[in-house]
Structure formats: structure tokens, C-alpha cells
Protein chains: 2
Amino acid sequence: MARPPQFDRSEILEKATQLFWEHGYRGASVSDLVKATGLLPGSIYASFGNKEGVFIACLEYYSVKLEGNREQFERESSPLTVLRNFFFAVVEQSADGDDRRGCFLVNASLECGESETAIKSKVRGCLSQNETWLRDQLEAARQVGELSEDTDTTKLAACLTGAMFGFRVMSRAQEDSNKIRDMATATFECLMTPWQQVAI
Amino acid sequence: MARPPQFDRSEILEKATQLFWEHGYRGASVSDLVKATGLLPGSIYASFGNKEGVFIACLEYYSVKLEGNREQFERESSPLTVLRNFFFAVVEQSADGDDRRGCFLVNASLECGESETAIKSKVRGCLSQNETWLRDQLEAARQVGELSEDTDTTKLAACLTGAMFGFRVMSRAQEDSNKIRDMATATFECLMTPWQQVAI
DNA sequence: ATTATTATTGAATGAATGTTCAATAAAATA
DNA sequence: TATTTTATTGAACATTCATTCAATAATAAT
């Protein structure tokens, strides 16, 4: 009994995400959003409530995409290989000289403060989802015998998350690509080696 | 032959830094700056050129303070102890539940993009200064025999820098204090242990 | 075809943004 | 003391900000 939206939501979110990712939440204005998406203010406010609403929808959109990204690696390999492949895929993305936007979630986490409560909690949720996936993967590796029995998978997942945050920041700071690669590789090896089981 | 400034520059910078640290570069307006410092717009623009100039002066101010912070640890201990003490001082600051502002430099690094060129390069300079200090400290430790001869101190300094970025981000993301402490401790041990020499 | 409901339009809103400026005040030199 | 130089004042600047709204268009159900 009503007119349906004329636009493709995920197409709009893709464009909005690119905009926010490049300029940040505060750095991208509603006019920029209008230009980037082709939607007029009225439509934007009718669909997302306000600018913060658009941003949170973008965070969700990005997070879902990231989830798909992780699942993509889960096909054929052992848990540890899946984990390693995902980790180094992020490393490569962070080391890419032509794209130094870092991680949309990490950027948002540092840009937004106590005043943007809804954003903060959304970011927190998405980041912890990623960390939980890492832990699940480590746990699976432990079950399968790729990691030693006494591996503290929760703590290890936190360490890996921290390491990833680290080179996400380095990526933004425009560090040398090889430096990022080297430091990420070394850190990964240092963190994982103590728990890895030698195949018999 | 002229009237001297009426304000104490470092007092102003202290207040401005606190403001920017809490709200970010874009999140703090010039009016906020006026309120926080007590200076009127004209004085601010006469002294710092523009808002970006104030921010860059704050980055410098913070960086110098950080340098003093590092030197404070250099008094009585061995290079490795100095390094460890500094590292865990930052950990404790990051884990402090009442102050989750993270690192002013890291925050600025993620908030500011390609449009704020001057800020980006200032941040880069300050961060690399810290990393260089870490490397020097590691190098001293190697010379003294606290670390093995074949320690790649440059790469290790990069790894430690990344680790610190990591828990700076976690601090902002409002993670549990003990989680931050645990992950930082574990990461530090993993990174350092392979190179540490056992005393004979 | 009529009606109810929602989407889109695009101008308008008031508040806030960073910055400028002429006037004034204060200090240091001559 | 007179002069020069710089600092401070506080209002005013144009611009941009996020948001609203009455008018219009489009759809689905009656």
C-alpha cells in the first residue's frame, strides 16, 4: 500500500562506506553523502534517520563483508591455515601502497569518542565479532592437534587482534610496504610458534 | 619594541592538547579552543596561524613530553630494563579504566587523512622518533649482551611499535583493563624471549 | 478509480564552522 | 615622551553544517 524505495540499499551503502572510509565520519558531510550516493537529503533522512544512522549502517555493511571475507578462506584448509591465510590477506591489504585507508572499523574506533555512543558500541561489537572468529579458529586448530593442548586460545586471539590493529595503524601512517610485511610476519611467527605442534 | 604575548605558551598548549586529545582534531572547534584556552580567536590566529597550526603545535608539545617521559626511565637501569619499564608504563596508561583517550599521536594518525598533509607528516615524524628510540635502546641492550648478537633491532623495534599501536587501539575501544594488560604482556614476552640472553 | 501510504524532491532552516579585521591596548626603543 | 611594533579585543564574515518540511510523485490495496 505504499511506494517502495527507488534505490538499491547495498549500492548506496557501498558508496557511502567508500566515502566515510576515505574521509572519516566527521570528515564527510551530508552534502558529500548526497553527491556520492545520488540520494537527496530527504531520502537519506527517511531511510537512515540521520548522518549517524548512515554511518552505523555502513559499519554493519563493512562488517558483513568482512565476515564473508573470512568465510571465503574456510573452504579447503585446516583451521591454522585458514587463520594464517586470513591474517596475511589483511597484511597484504594493509601493505598495499595504493590503498592506505586501513580498516574502516579501527579508524572509526579512534575517530569517534564518548559523544558518539551508538557508533562506539557498534564498532565494539563488530571488532569483537572478528576476535571471536579468531578464537574459534584457534580453538578448532587446538582440537585438531595443530596447536598444543594448553594453548590459551582466548588470549592468543587477543594478541593476534592487537597485532592486526598494529599494522592497520602502520598502514594509515604510510609506512613502507615491506616494513609492514616484515613486522607482521615476524610478530605472527613469534606469537604462534610457541603453541604450534610439530607434525609427527 | 613591541608588546609581548600575555599568555604562557605551554600552558595554552597543555589545555589545547587536552581538548584535541579528548575530541579529536575535527571534533574540537575553534570556539571550543577559545573556551578551553581563554584566548580569543584573534590571539589564536596571530600566534598559530590557524586551527591546523594549533594542532601541529599540540602534536609537538605532546611529542616533547613523551620524549621526557622516555628519558625519565633512562636513569639507573640496564637498556633492556629501561625498555621494559617504558613499554609497561604505556601498557598501564592504556589499561587505565578512567582514561581511555589512547595515544594522541596514534589517534591523530587515524583521524587525519590525505587532506591534512601537514598534520600527517608531523605525526609520522613524532611516531618514528619513538620507534628510533626503541631501536637505540635495543641496540644498546645488544651491545651490553642483554640481547643476542644476531638480534635484528630495527625489525624488533618495528614489532614493538606495532604492539604498542595495538593496545593503544584496544584502549580506545574500551576493552577490559586486564585483557589489555594480559595481551600486552604476552606479546612483549613472545617478541623479546627469542633474543634474550640468559645471564651466566 | 479512489484511497492510503510511503518515497522523493529541493529549497529553506538555524546553528555552527573557520577565519578576518579595524579598533584598541600595551610594551620597548629612541 | 614620542614612536614603533606587536598583542588583544570582540564583533562580523561568508561558508558550510546537519536537519526539516511542504509539496509532489509513485505505488499497492480497496
Side-chain angles (χ1 to χ4, degrees), chain A residues 1-13 15-59 108 111-120 122, chain B residues 1-13 15-59 108 111-120 122:
Chain A
M1 224 182 193
R3 181 182 182 182
Q6 303 291 96
F7 59 87
D8 176 32
R9 189 179 157 94
S10 71
E11 199 177 294
I12 295 297
L13 286 178
K15 287 171 179 167
T17 301
Q18 295 300 330
L19 182 76
F20 280 130
W21 200 350
E22 178 141 0
H23 298 100
Y25 173 59
R26 286 190 269 246
S29 69
V30 176
S31 327
D32 295 334
L33 225 34
V34 168
K35 266 176 251 163
T37 61
L39 292 184
L40 288 165
S43 293
I44 294 177
Y45 280 79
S47 306
F48 301 98
N50 54 22
K51 185 185 170 185
E52 195 179 43
V54 182
F55 193 69
I56 290 176
C58 288
L59 291 171
E111 181 185 2
C112 299
E114 298 314 312
S115 42
E116 293 103 348
T117 317
I119 295 178
K120 274 240 118 168
K122 183 71 194 169
Chain B
M1 226 180 194
R3 182 184 182 182
Q6 304 292 96
F7 58 87
D8 175 31
R9 189 179 159 92
S10 70
E11 199 177 292
I12 294 297
L13 286 178
K15 287 172 179 167
T17 300
Q18 295 298 331
L19 181 76
F20 279 130
W21 200 350
E22 179 140 1
H23 298 100
Y25 173 58
R26 286 190 272 244
S29 70
V30 175
S31 328
D32 294 335
L33 225 33
V34 168
K35 265 175 252 162
T37 61
L39 291 184
L40 288 166
S43 293
I44 294 178
Y45 280 80
S47 306
F48 300 98
N50 52 22
K51 186 187 170 185
E52 195 179 44
V54 182
F55 192 69
I56 290 177
C58 287
L59 291 171
E111 180 186 3
C112 297
E114 298 315 314
S115 43
E116 294 103 347
T117 317
I119 295 177
K120 275 240 117 168
K122 182 72 195 170

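Below, chains carry the letters A, B, ... as their sequence lines are ordered, and counting in each starts from 1.
Aromatic ring orientation, A:Tyr25 versus A:Phe55: tilted (interplanar angle from 30° to 60°).
For C:dT17, one of the phosphate oxygens OP1 or OP2 lies less than 4.0 angstrom from a side-chain nitrogen or oxygen of B:Ser31. A:Ser29 has a side-chain polar atom (N or O) that falls below the 4.0 Å cut-off from OP1 or OP2 of D:dC17.
Within 4.0 Å of B:Ser47, counting heavy atoms only, lies no atom of the nucleic acid at all. Residue A:Ser43 is in base contact, counting any heavy-atom pair closer than 4.0 Å across all strands shown.
Between the P atom of C:dT6 and the CG atom of A:Leu39 lies a distance of 19 Å, rounded to the nearest Å. One atom, OH of B:Tyr45, and another, P of D:dA11, lie 17 Å apart when rounded to the nearest Å. The CD1 atom of A:Ile44 sits 13 Å away from the P atom of D:dT20 (whole-angstrom rounding). As a whole-Å value, the separation of B:Arg26 CZ from D:dC17 C1' is 14 Å. B:Asn50 has its CG atom 14 Å from the C1' atom of C:dT17, to the nearest Å. B:Lys35 has its NZ atom 12 Å from the C1' atom of C:dT17, to the nearest Å. Between A:Lys51 atom NZ and D:dC17 atom P there is a gap of 8 Å when expressed in whole angstrom units. Distance, A:Leu40 CG to D:dT20 P: 16 Å, rounded to whole Å.
Of the candidate nucleotides C:dT20, C:dA11, C:dA27, C:dA11 has the atom nearest to the side chain of A:Pro41. Distance from the side chain of A:Pro5 is smallest for C:dA7 among the nucleotides C:dA7, C:dG10, C:dT19.
Put simply, SG on B:Cys58 and CD1 on B:Ile12 are 10.0 Å apart, with the number rounded to the nearest 0.5 Å. Put simply, CG on A:Leu33 and CG on A:Leu40 are 11.5 Å apart, with the number rounded to the nearest 0.5 Å.
Each of B:Gln6 and A:Val30 was matched to the nucleotide of DNA chain D holding its nearest heavy atom; the match closer to the 5' end belongs to B:Gln6.
A donor N or O paired with an acceptor N or O is not found under 3.5 Å between the base of C:dA26 and the side-chain atoms of B:Arg3.
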